[in-house]
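Convention: sequence-line order gives letters A, B, ...; per-chain numbering from 1. Scope of the values below: all heavy atoms of this structure, side chains included, with no hydrogens, waters or symmetry mates.
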Amino acid sequence: MATSENQPKKKLIEPRTLKGFRDFLPEAMIPRERLIERVTKTYRNYGFCPIDTPVLEYLEILLGKGSDETDKQLYRFKDSGGREVGMRFDLTVPFARFSAQHLAEIGQPFKRYHLAKVWRGENTQAGRYREFMQCDFDTIGTTSVFSDVETAMVINDVVERVDLRTEDSFTKFKIHVNSRKILNGALEKIGLSDRSTAVLRALDKLAKIGADRVVEEMKETASATEEQARSILAVATAEGSNEAALARIEKLLEGSELGLEGVADLRQILDSTASAGIPKERFVVDVSIARGLDYYTGTIFETFLDEIPQLGSICSGGRYDNLAELYTKQKLPGIGASLGLDRLFAGLEELGMVEKTATTVDVFIPMFDASLATRYVTLAAGLRRKGIGVELYPEAKKLGQQLKYADKKGFKVALVIGLDESARDVVNLKDLRSGGQLEVSAEIESLASKIHSVLSDGLDPQ
RNA sequence: GUGGGAGUAGCUCAGUUGGAUAGAGCAUCGGAUUGUGGCUCCGAAGGUCGAGGGUUCGAGUCUCUUCUCCCACCCCA
């Protein structure tokens, strides 16, 4: 190999990232972290506990758990010890393994959340990447419908808090609810139970491609008759209010114990969430949502933003009978959901709900005069002890340049201290948003409270 | 994986029938301005024209191969 000293010109390595993989600059990462914080806080608010699992799993743990598609998308390789390994493509499969492995320690019921990156080697598209973050929460070890109710409430709470500009509730979204029991009851009644996957996959596309093409697809992929397909659609397209839709479905499913159970579950979810104060119109009974994955057996959720439904579901989940059947004989029923952070973030940006900032603190101290450096360091430390984040500029450049830097980064106030101020033991407190400034005492206690008031009320320009 | 589109400065793009040293705006850095940011003016830096081959006196431009990215399908968050 030729060394660089032997070459007339050093060949630079092109800095680049893999397709579907991204860097996050501060102005993207700061709001992203804020969103993550809010999601975490909401999950914890319900008693969900954090866990983590390895990025790599033995290949046999991951293979054949989703569809053939997920097998194809799996990042897999041999490690240096010759072991067949793969990178997790979701958080549910690792959780299933985790539950089976630690069941004795975690007990039941068990509620966990897990925010982590997952990897899928599929083709990229707008809002779809090969490395992306999922924010899962699950409750296992109980079949109680009140876990379904709680799951619905968590989804609602978490999406209500996505407006990163404010603390106010975001309301322009709908949670679509369905139950596999209703679908399976209907399939049972018309004798299509053995082809449920294909039928449901077709049904899932209803909103996208319309009734006629769904029927066509069912005939093709599930070899359903026209009559069978139409009768599934009759259940799936029950319209009107949630109550009216459920009443109609109840009629259509008469005699199907399973189907009626599904109707009862949905009624309970709607009733309980309404009593808990969640607006009724937030939920939409929608029998056409089916979810791709096969392991759902009961309630299903999908969440859409009112203004960009074409973005797809930003938070989806459902109930399953047996999470870890491939790893343990112990039956583990549960329910959970997953927030697609990157897709949601793409949506929030489109809706202008992401405030751009490149700083993590509000207060900026320019190094006005090099001889006062220690003075600045001390002042900054004092304010930080008071819980006020401060950035001190590291070089004694021209004041104008330092303020320009502060302005560009989005600091809200600057504390300007030159020889004059220092001698009189005062601080020139400048509101960078309005341009107004005020001379205040440099005493930490009063300075801190003054900063607080300027941060919340601003300072009039003079 | 299938189909379509596009690759020129960090970003958005211009570049005529093939012609000499490849340009602009924004962004970056510096100066005008050694006690005050956003506006203005001036300047600097920044390019293997995605890569490799071919045609030609001459290629950013034509041609072939290849790579990458974007869009749609499939599937999904």
Side-chain angles (χ1 to χ4, degrees), chain A residues 9-12 14-23 25 27 66-74 89-92 115-136 197 201-202 204-205 208-209 217 221 289-294 301-305 310-317 337-347 358 364-370 372 393 396-422 428-437 439 461-462:
Chain A
K9 269 184 193 164
K10 195 155 79 179
K11 174 109 180 170
L12 293 176
E14 190 198 346
R16 54 186 185 147
T17 48
L18 288 164
K19 175 180 178 154
F21 290 70
R22 299 165 295 162
D23 286 329
L25 272 63
E27 64 175 47
S67 52
D68 297 346
E69 282 299 321
T70 49
D71 284 2
K72 268 193 266 168
Q73 295 170 358
L74 193 67
F89 61 87
D90 72 7
L91 299 176
T92 305
L115 275 59
K117 282 181 171 176
V118 301
W119 293 267
R120 292 183 196 174
E122 67 176 333
N123 258 335
T124 55
Q125 243 175 70
R128 291 172 60 175
Y129 309 95
R130 288 182 172 171
E131 178 183 61
F132 57 98
M133 184 171 260
Q134 289 195 326
C135 308
D136 278 34
T197 307
R201 196 156 286 167
D204 204 41
K205 293 176 193 160
K208 221 173 176 179
I209 63 177
E217 184 167 333
T221 63
I289 60 161
R291 304 286 298 125
L293 295 171
D294 300 335
F301 299 102
E302 299 225 325
T303 312
F304 299 93
L305 300 178
Q310 70 279 10
L311 185 69
S313 173
I314 50 148
C315 186
S316 314
S338 180
L339 178 82
L341 193 93
D342 297 277
R343 178 179 285 187
L344 170 61
F345 209 84
F364 178 76
I365 301 182
M367 187 171 289
F368 194 170
D369 192 301
L372 295 173
Y393 199 81
K397 273 209 254 186
K398 278 193 288 192
L399 185 61
Q401 282 175 23
Q402 298 191 50
L403 289 176
K404 194 169 175 174
Y405 166 89
D407 181 52
K408 199 177 57 189
K409 288 285 165 79
F411 287 92
K412 296 197 174 86
V413 306
L415 305 180
V416 182
I417 305 159
L419 289 167
D420 173 43
E421 286 84 358
S422 179
N428 194 345
L429 176 57
K430 184 178 176 76
D431 184 341
L432 290 167
R433 295 162 297 185
S434 68
Q437 46 188 335
E439 204 167 86
Q462 286 139 2

| query | Between Y405(A) and Y393(A), is the gap from one ring center to the other below 6.0 Å? | reply | yes
| task | For the residue pair F368(A) and I417(A), establish whether any side-chain heavy-atom pair is separated by less than 4.5 Å. | result | no
| task | State which of U36(B), A77(B), U33(B) makes the closest approach to the side chain of V416(A). | result | U36(B)
| query | Counting only Watson-Crick or G-U wobble pairs whose two distances fall under 3.5 Å, which nucleotide matches G1(B)? | reply | C73(B)
| Whole-angstrom distance between U8(B) and G23(B), as gauged at atom C1' | 10 Å
| message | Quick test of the criterion, 5.5 Å between centres and less than 30° between planes. Is F368(A) stacked on G35(B) or not? | response | no
| If you check every side-chain atom of D420(A), which of G35(B), C74(B), A77(B) has the closest atom? | G35(B)
| field | Base G35(B) to side chain Q437(A), donor-acceptor N/O within 3.5 Å cut-off | value | no
| Candidate nucleotides A32(B), G35(B), A77(B), ranked by approach to the side chain of K398(A) - the nearest | A32(B)
| remark: Per atom distances to the R120(A) side chain, the nearest of U36(B), G31(B), C76(B) is C76(B)
| request: Rounded off to whole Å, could you give me the CE-to-P distance for the M133(A) and C76(B) pair? | output: 23 Å
Result block: side-chain N/O donor-acceptor pairs under 3.5 angstrom for residues 338-346 of chain A, not counting sequence neighbours:
{"residue": "S338(A)", "atom": "OG", "partner": "D136(A)", "partner atom": "OD1", "Å": "2.6"}
{"residue": "D342(A)", "atom": "OD1", "partner": "R22(A)", "partner atom": "NH2", "Å": "2.5"}
{"residue": "D342(A)", "atom": "OD1", "partner": "R32(A)", "partner atom": "NH1", "Å": "2.8"}
{"residue": "D342(A)", "atom": "OD1", "partner": "R32(A)", "partner atom": "NH2", "Å": "3.3"}
{"residue": "D342(A)", "atom": "OD2", "partner": "M133(A)", "partner atom": "N", "Å": "2.6"}
{"residue": "R343(A)", "atom": "NE", "partner": "L311(A)", "partner atom": "O", "Å": "3.4"}
{"residue": "R343(A)", "atom": "NH1", "partner": "S313(A)", "partner atom": "O", "Å": "3.1"}

Under-3.5 Å N/O pairs linking protein and nucleotides 37-41 of chain B:
{"residue": "G37(B)", "atom": "O6", "partner": "G435(A)", "partner atom": "N", "Å": "3.2"}
{"residue": "G37(B)", "atom": "N1", "partner": "L432(A)", "partner atom": "O", "Å": "2.3"}
{"residue": "G37(B)", "atom": "N2", "partner": "D407(A)", "partner atom": "OD1", "Å": "2.7"}
{"residue": "G37(B)", "atom": "N2", "partner": "L432(A)", "partner atom": "O", "Å": "2.3"}
{"residue": "G37(B)", "atom": "N3", "partner": "D407(A)", "partner atom": "OD1", "Å": "3.4"}
{"residue": "G38(B)", "atom": "O4'", "partner": "D407(A)", "partner atom": "OD2", "Å": "3.3"}
{"residue": "G38(B)", "atom": "N2", "partner": "R433(A)", "partner atom": "O", "Å": "3.4"}

